[in-house]
Amino acid sequence: MFKGFEKVKDVQYIYTPFDSSLCGVKLEANSQKQYLLTGQVLSDGKVFIHLCNYIEPWENLSFLQRESLNHHYHLNCGCQITTCYTVPCTISAPNECLWTDWLLERKLYGDQAQHSVCMKNVDGTCSWYQGHLTIRKEYVDIIQP
């Protein structure tokens, strides 16, 4: 677990809607497969996931994703990733990064998700980085297609 310790110390179960038509997620529960799951911690402490969350088998993650999760993301917990589905789409706070894969590529797990990291800058703002380079302007603030 990389984030959320302040809300829940130990995760025993992951909750999701029953069916994919309700945005439910099917995972291989009885296998040794490990997943990267993003979701919400509900007020009662339950961890809830659905199809709009980023869910990927650990083995399918890019090298940058695995390295960032294991070594860098804990430094960037103050950053908030906001999914951008339509234009106009802008950040509402300086600590936000817009996730634009759906808008630009019509898929949730595109180039940005696989090769970019939302990192905190020295001034407290957050922005996308690819390795050591700043990401293209359209990842920062989407106003027009």
Side-chain angles (χ1 to χ4, degrees), residues 1-135 138-142:
M1 192 160 138
F2 297 102
K3 193 173 177 181
F5 292 108
E6 70 283 355
K7 294 182 181 178
V8 61
K9 300 292 182 221
D10 187 33
V11 178
Q12 294 294 319
Y13 301 100
I14 303 290
Y15 295 87
T16 190
F18 177 73
D19 198 304
S20 62
S21 66
L22 301 170
C23 296
V25 177
K26 301 277 189 235
L27 302 173
E28 294 179 31
N30 295 326
S31 73
Q32 294 297 313
K33 187 174 277 195
Q34 295 181 359
Y35 292 90
L36 169 65
L37 303 173
T38 64
Q40 296 75 38
V41 178
L42 304 178
S43 59
D44 60 4
K46 291 180 180 175
V47 176
F48 185 81
I49 62 170
H50 53 77
L51 285 177
C52 291
N53 295 122
Y54 188 54
I55 298 165
E56 193 73 42
W58 186 259
E59 65 208 27
N60 293 356
L61 297 176
S62 69
F63 176 76
L64 178 67
Q65 288 171 314
R66 289 192 306 271
E67 281 293 302
S68 295
L69 284 164
N70 285 323
H71 303 291
H72 304 294
Y73 282 170
H74 70 282
L75 302 172
N76 299 296
C77 287
C79 293
Q80 189 74 27
I81 296 175
T82 302
T83 308
C84 188
Y85 295 108
T86 61
V87 293
C89 185
T90 61
I91 59 172
S92 58
N95 69 329
E96 282 185 79
C97 289
L98 291 179
W99 186 14
T100 59
D101 281 346
W102 178 255
L103 186 64
L104 299 176
E105 300 179 51
R106 291 292 183 235
K107 58 184 176 180
L108 285 176
Y109 313 131
D111 185 64
Q112 188 179 24
Q114 294 177 20
H115 305 290
S116 304
V117 181
C118 178
M119 295 188 71
K120 186 171 282 201
N121 299 308
V122 186
D123 63 2
T125 62
C126 297
S127 55
W128 291 107
Y129 289 90
Q130 242 177 4
H132 295 89
L133 303 174
T134 304
I135 297 302
E138 61 264 26
Y139 283 176
V140 178
D141 197 14
I142 299 290

Please output the side-chain donor-acceptor pairs of residues 17-25 that fall under 3.5 Å, not counting sequence neighbours, one pair per line with the distance.
from	atom 1	to	atom 2	distance (Å)
Asp19	OD1	Ser21	N	3.0
Asp19	OD1	Ser21	OG	3.4

First locate atom [atom1] of [X], then atom [atom2] of [Y], and finally report the distance between them rounded to the nearest 0.5 Å.
X	Y	atom1	atom2	value
Lys120	Thr125	NZ	OG1	9.5 Å
Ser116	Asp101	OG	CG	8.0 Å
Tyr35	Ile14	OH	CD1	11.5 Å
Phe48	Thr16	CZ	OG1	5.5 Å
Asp111	Leu104	CG	CG	9.5 Å

* Structure fact -> Sequence neighbours excluded, the answer for side chain to side chain donor-acceptor pair (under 3.5 Å) partners of Glu28 is Lys33
* Does Gln34 have any side chain to side chain donor-acceptor pair (under 3.5 Å) partners at least two apart in sequence or in another chain, and if so, which? -> none
Side chain proximity check, [X] to [Y], heavy atoms < 4.5 angstrom:
X	Y	result
Gln112	Leu98	no
Leu37	Val47	no
Leu61	Leu69	yes

Got a sec, which residues hit side-chain contact (heavy atoms from CB on, under 4.5 Å) with [X], two or more places apart in sequence or on another chain?
X	result
Asn30	none
Ala29	none
Phe63	Arg66, Glu67
Asn60	Glu56, Pro57

* With respect to the side-chain SG atoms, do Cys79 and Cys126 come within less than 2.5 Å? -> yes
* Asked: Are Cys84 and Cys89 within a span of less than 2.5 Å, counting SG to SG?
  -> yes
* Asked: Under 3.5 Å, is there a donor-acceptor pair between the side chain of Gln114 and the main chain of Ser62?
  -> no
* Asked: Does Ser68 use its side chain to pair, donor to acceptor, with the backbone of Leu64 at less than 3.5 Å?
  -> yes
* Structure fact -> Heavy-atom nearest pair, Tyr129 first then Met119, reads CD1-CB, 3.7 Å
* Asked: Any side chain to side chain donor-acceptor pair (under 3.5 Å) pairs touching residues 36-54, not counting sequence neighbours?
  -> Tyr54-Gln65
